[in-house]
Amino acid sequence: MIAAWDILDPATGERLATHERYQKRDGRKAFRWKWHGDARPMPAMPLYRATLTGTNGAHGLAILCEGEKSADAVAARGTPAFGTVCGAAVTPGDDSLAPLLDFARVVLWADADEPGRAHMARIAARLAALGHGDIRMLEHGDEKHDAADFAGDAQAFANVLETARPHDLEIADGGEWPEPDALGNTDADLPPFPLDALTERLRRTVDEISRFSKVAPEGPAVAVLAAIAGVAGKGILIEEKPGLCHHPALFFLAIADPSERKSALLRPVRDILRGRVIASREAHEARHADAILRNEIRGRQLDAIRKTAKRDADPDELARQAAELRNAMETVPPALPLPVDDCTSQFLVRYMAAHGEEAFVLSPEGRNTLDQVLGRYTKGDFTDESVYLHGISGDPIGRGRVGNDPARPFEHVDLARPCLNVCVFVQPDKWRALLENGAMRDSGLVSRIAIVRMPRMAGTRFERAAELPLDDRALEGFRAAVDHIVRARELFDEPTTLTLSTDAAEARRSFHNEIESEIAGAFADHADTAGKAVTQAVKLAGVLHLADMDSGTAGNAITLETWQRAESLGRYFLTAAIAAARAGQESPTTAAARRILDRAHDMPDPFTARDVLRRGLSGLTDKGAVSEALEALADCGWIRPTLDRGRPTKRYQWHPAARADRKETAA
């Protein structure tokens, strides 16, 4: 940690949270919140230095910057300064901006980039709506510069302030309209995915798929990690500590908006997997063809004994013959499982039973998978997550069902130590449905899910002339890793055990103790998720180790460097899971605003509150609820009031992104 800032309650001076800044190995910055009470949504967080309200009275000047570092730099020059703490993608709420109303003039010093300019433009619009009459916009320096980068003397600083221009309020009825914020707190303060934690060969694969498919790298990243885990399956054990081992069973879930080309990004990963596994299955069938045939013959002979036994036949003799046939059955190791897409939990159990107690679910549209988990296709009001929960944790699964075969009227499937890997892509509404289900939150499955939120790329995927096709050479490292794992599994019937080196084991213990110390503190509301973070990181360490092994590489010790990469991924997934859980627990107003947004395509443009009321949406049957929901949409930039001779009316205009087709399109 290189810096930390306390965020105080403006009314009481109470410390609400500490915003901590870290420096990553590649020099990039990362942030983390440490809460000193209940966590708050980012729009509700006070401004940094908000306790300075009234310092210069109603006739003074205040400067608002993006971030605490910039605010401190300006304040050091003797000017009242505040900082937003929510990140450029989020707009502070009206209560958070209220302290600025005590100042006669407010200068908004934007970071010199598009997100920074859009951030301050939205704040200016809210201040104007709150009645402030003197709002100035200031930007200085090269691209990516901010107030903290200004190095001039006092006179130069005064000259820069003179360049602040009055905010153009006419943007409320035209002109440039920044991209809207996500409703709620979905992406607030979520650090970037740690791509540098991937091995070099995985990173090359991810970068190439991202370039060719024009998708955010988070999607390909979880796809390749899941693929390595899925093909390793029960062929690998990872020792967390003496006496505690795990198969690399992981559940990756990528939250992606419609039209984010999920099928396109999965296709090269799935093609490599299927091609290699199919070749292995064909070789397996050829190697064991005779044994399989002999077993089938013995099975038919057993059936014949059951069906043709006469009443006067000696039961002991029949039992002896049956025992000889069973004992003569030859052991044939199961073939590697192919990735499956859309399947019921019943099929999944039988599929694992036929494939050595393992399976791999890989789907670009995981809606059906989550519907299965939520119990949509089960009788009665209960969920059906136990197969996924036990498959990830490695706990036994016992399932029985009534069959149609009179000889076997009841079938029981028992999986002693299943290994299930899952990688699915879902739209935000399905993730919210999972979180809103109380039984799912309590079951323990949600706490085991490694989540990424894919940034929206729709509207930015412009093509250039003579673009290169997918470069298969960039995928060679990933293909080689898959090939090595498959060949190792073909050679050895028993699983290979990976262990942590001495340094890696010590680092794991340190990570465990750090998490444990915060279970009753920062992670108190998400103790179950935090409690799974260390084991998840151990499994990821095994996956990264496998991804970097060549066919001639010996040694099964996971190095400290590999552990540090895995820990970086584990910290990200922990932060992402907590952020997604908080975002999924929406207020009634945010939920109502989302329902309006979901109906944008069949509303007029512009529209009125009356248009919303006529549709009779759930939770939107009175004017007050509609008004609050529309205000939430306006705060996030999804709608804006039109102007009638300079005065706002009750007519609203949709942001173009809201009117886009919200259904998944073919990539």
Side-chain angles (χ1 to χ4, degrees), residues 43 89-91 93-94 118-119 121-131 167-187 256-260 367 427-430 432-433 456-461 583 586-666:
V90 178
T91 306
D94 291 352
H119 181 54
R122 294 193 302 272
I123 291 174
R126 292 311 307 155
L127 287 173
L130 292 171
H167 173 58
D168 181 9
L169 297 180
E170 290 303 312
I171 192 172
D173 193 37
E176 184 179 353
W177 195 347
E179 282 296 305
D181 295 339
L183 278 172
N185 191 27
T186 303
D187 302 317
D257 291 321
S259 301
E260 286 302 319
R367 182 173 294 270
Q427 294 179 20
D429 67 311
K430 188 53 63 176
R432 291 194 299 273
R456 182 173 178 168
M457 299 293 288
T460 67
R461 302 170 302 205
E586 295 180 324
S587 68
T589 297
T590 302
R594 197 179 299 282
R595 282 191 286 273
I596 296 175
L597 183 59
D598 288 341
R599 295 293 295 274
H601 61 282
D602 64 359
M603 282 193 184
D605 188 17
F607 71 100
T608 66
R610 189 179 186 88
D611 293 318
V612 178
L613 284 167
R614 285 173 177 169
R615 277 154 178 79
L617 302 177
S618 175
L620 291 163
T621 55
D622 65 83
K623 292 182 179 179
V626 171
S627 177
E628 291 178 1
L630 292 177
E631 183 177 346
L633 287 170
D635 286 345
C636 292
W638 288 102
I639 62 174
R640 62 185 177 190
T642 62
L643 298 182
D644 184 9
R645 296 180 181 178
R647 299 184 63 184
T649 70
K650 292 185 178 181
R651 291 165 64 83
Y652 298 89
Q653 180 182 0
W654 286 107
H655 190 288
R659 304 277 290 177
D661 185 5
R662 298 176 68 80
K663 296 182 179 180
E664 182 70 33
T665 59

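Here the structure is a predicted model, which is why all the values come from computation and not from measurement. Heavy-atom basis, side chains included; hydrogens, waters and symmetry copies ignored.
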request  = Determine whether Gln427 and Asp257 make a side-chain contact, defined as any pair of heavy atoms from C-beta on separated by less than 4.5 Å.
outcome  = no
message = If we ignore hydrogens and angles and just use 3.5 Å, is the side chain of Gln653 paired with the main-chain N or O of Ile639 as donor and acceptor?
response = no
request  = First locate atom CG of Leu613, then atom NZ of Lys623, and finally report the distance between them rounded to the nearest 0.5 Å.
outcome  = 7.5 Å
query = Are any side-chain N or O atoms of His119 and backbone N or O atoms of Val90, one a donor and one an acceptor, separated by less than 3.5 Å?
reply = yes
query = Rounded to the nearest 0.5 Å, how far apart are CG of Leu633 and CZ of Arg594?
reply = 9.5 Å
ask   = If we only count heavy atoms from C-beta on, is the Arg640 to His655 side-chain gap below 4.5 Å?
value = no
inquiry  = Please report the interatomic distance OG1(Thr589) to CG(Asp635), rounded to the nearest 0.5 Å.
reply    = 11.0 Å
inquiry  = I'd like to check the salt bridge (Lys or Arg N to Asp or Glu O under 4.0 Å) partners of Arg614; sequence neighbours left out, ordered by chain and number.
reply    = Asp611
query = Side chains of Ile596 and Met603: does their closest heavy-atom pair fall under 4.5 Å?
reply = yes
query = Which heavy atom in Trp654 sits nearest to a heavy atom in Pro604, and how many Å separate them?
reply = NE1-O, 3.4 Å
message = One pair to check against side chain to side chain contact (heavy atoms under 4.5 Å, CB included): Leu630 and Phe607. What are the steps and the verdict?
response = CA-CA 11 Å; Leu630 292 177; Phe607 71 100; 3.8 Å; yes
message = Any non-hydrogen side-chain atom of Leu620 less than 4.5 Å from a side-chain atom of Val626?
response = yes
inquiry  = Can you give me the closest heavy-atom contact between Leu597 and Ala658, atom names plus distance?
reply    = CD1-CB, 3.7 Å
Minimal non-hydrogen separation, Arg367 against Lys430, with atom names = NH1-CE, 3.5 Å
inquiry  = Quick one, Tyr652 and Thr608 - any side-chain contact, counting heavy atoms below 4.5 Å?
reply    = no
query = Is there a side-chain contact between Glu631 and Asp94 (heavy atoms, below 4.5 Å)?
reply = yes
